[in-house]
Amino acid sequence: MKIKDFEKAIEALCVHGLEIDEIKMKANGGGQVWQVNGHTDTLTVVWDDSGRAYSTPKDQAVETFIKMGSGKAVEGRRLKRDAEFDLKFE
């Protein structure tokens with residue numbers, strides 16, 4: 001999907017206060033999106049390239065994870081699958 005497809009589908013969710021923070025594009029993907037990050041007042045929401053949503057409460061504690069393959073430590077919050085925010089593309 002392209003940027004405009006994601007923007008329209010997110011707008012169609014009609015969730016008050018839902019904002020897009022970042023759109024990540026596929027390298028050499030012809031303008032295709034691979035991830036979109038957004039938020040509401042209380043949640044961080046991440047969509048994959050198919051429009052499946054994952055979320056985490058903003059007040060959830062940050063954890064340390066070991067990055068596969070490199071063994072490096074990274075910090076983040078656990079995401080859970082959240083079908084309430086799944087996108088429907090026209």
Side-chain angles (χ1 to χ4, degrees):
M1 298 288 156
K2 297 199 178 250
I3 291 174
K4 64 180 177 166
D5 300 318
F6 275 87
E7 289 174 335
K8 285 174 66 176
I10 291 169
E11 188 176 302
L13 288 175
C14 297
V15 175
H16 180 71
L18 180 58
E19 295 183 30
I20 297 172
D21 297 319
E22 179 180 28
I23 298 175
K24 297 181 179 182
M25 307 299 292
K26 292 181 181 179
N28 301 322
Q32 297 294 310
V33 172
W34 74 270
Q35 181 177 313
V36 177
N37 300 327
H39 73 275
T40 67
D41 289 341
T42 59
L43 293 174
T44 297
V45 184
V46 177
W47 291 273
D48 66 13
D49 60 347
S50 298
R52 289 182 300 257
Y54 302 83
S55 69
T56 186
K58 282 184 170 181
D59 62 358
Q60 181 178 351
V62 173
E63 298 179 52
T64 301
F65 300 92
I66 303 300
K67 190 172 182 180
M68 301 262 315
S70 71
K72 294 182 181 178
V74 294
E75 291 187 339
R77 293 181 174 94
R78 292 185 187 270
L79 296 171
K80 290 187 180 177
R81 184 74 174 82
D82 192 342
E84 179 182 350
F85 290 99
D86 280 356
L87 303 178
K88 294 175 181 67
F89 298 105
E90 294 179 4

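The model shown is predicted, which means the values in this text are computed figures rather than measured ones. Index from 1, following the sequence.
Within a 6.0 Å sphere centred on CD of E11, other residues, nucleotides and ligands contribute 12 heavy atoms or fewer.
By the 4.5 Å heavy-atom criterion applied to side chains, M25 and V33 are counted as neighbours. Under the 4.5 Å side-chain criterion, counting only non-hydrogen atoms from C-beta, I20 is in contact with I10.
The line from NZ of K80 to OH of Y54 is 14.5 Å long, rounded to the nearest 0.5 Å. From Q32, atom CD reaches atom CD1 of I3 across 10.0 Å, with rounding to the nearest 0.5 Å. Here the CG atom belonging to D21 is positioned 7.5 Å from the OG1 atom belonging to T44, to the nearest 0.5 angstrom. With rounding to the nearest 0.5 angstrom, the NZ atom of K72 is 12.0 Å from the CD1 atom of I66. One finds the CZ atom of F6 at 8.5 Å from the CD1 atom of I23 (value rounded to the nearest 0.5 Å).
Of the possible polar contacts, one joining the D86 side chain to the A53 backbone as a donor-acceptor pair under 3.5 Å is found. Side-chain atoms of W47 do not come within 3.5 Å of backbone N or O of R52 as any donor-acceptor pair. Using modelled atom types, no side-chain atom of K88 and backbone atom of A12 make a donor-acceptor pair closer than 3.5 Å. A donor-acceptor pair is defined here as one N or O able to donate and one able to accept, closer than 3.5 Å; no such pair exists between the side chain of R77 and the backbone of T56.
Closest approach of T64 to A73, counting heavy atoms only: CG2-CB, 3.8 Å. Shown here for E84 and L13, the closest heavy-atom pair between the two residues is O-CD2, 4.3 Å. What you find for S55 and D82 is that their closest heavy atoms are OG-OD2, 2.7 Å.
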Worked verdict on K58 versus H39 for side chain to side chain contact (heavy atoms under 4.5 Å, CB included): CA-CA 9 Å; K58 282 184 170 181; H39 73 275; 3.4 Å; yes

Check against side chain to side chain contact (heavy atoms under 4.5 Å, CB included), V15 and T40: CA-CA 8 Å; V15 175; T40 67; 4.2 Å; yes

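Hydrophobic clustering of Ile, Leu, Val, Met, Phe, Trp and Tyr side chains at less than 4.5 Å, counting indirect connections, unites L87 with V45. V36 and F85 fall within a single hydrophobic cluster, where Ile, Leu, Val, Met, Phe, Trp and Tyr side chains are chained together by heavy-atom contacts under 4.5 Å. Follow the hydrophobic side-chain contacts under 4.5 Å out from L18 and you reach F89 in the same cluster.
Considering only residues two or more places apart in sequence or on other chains, E90 meets the side chain to side chain contact (heavy atoms under 4.5 Å, CB included) condition with K8.
By the 4.0 Å N-to-carboxylate-O rule, K24 lies too far from D48 to be salt-bridged with it.
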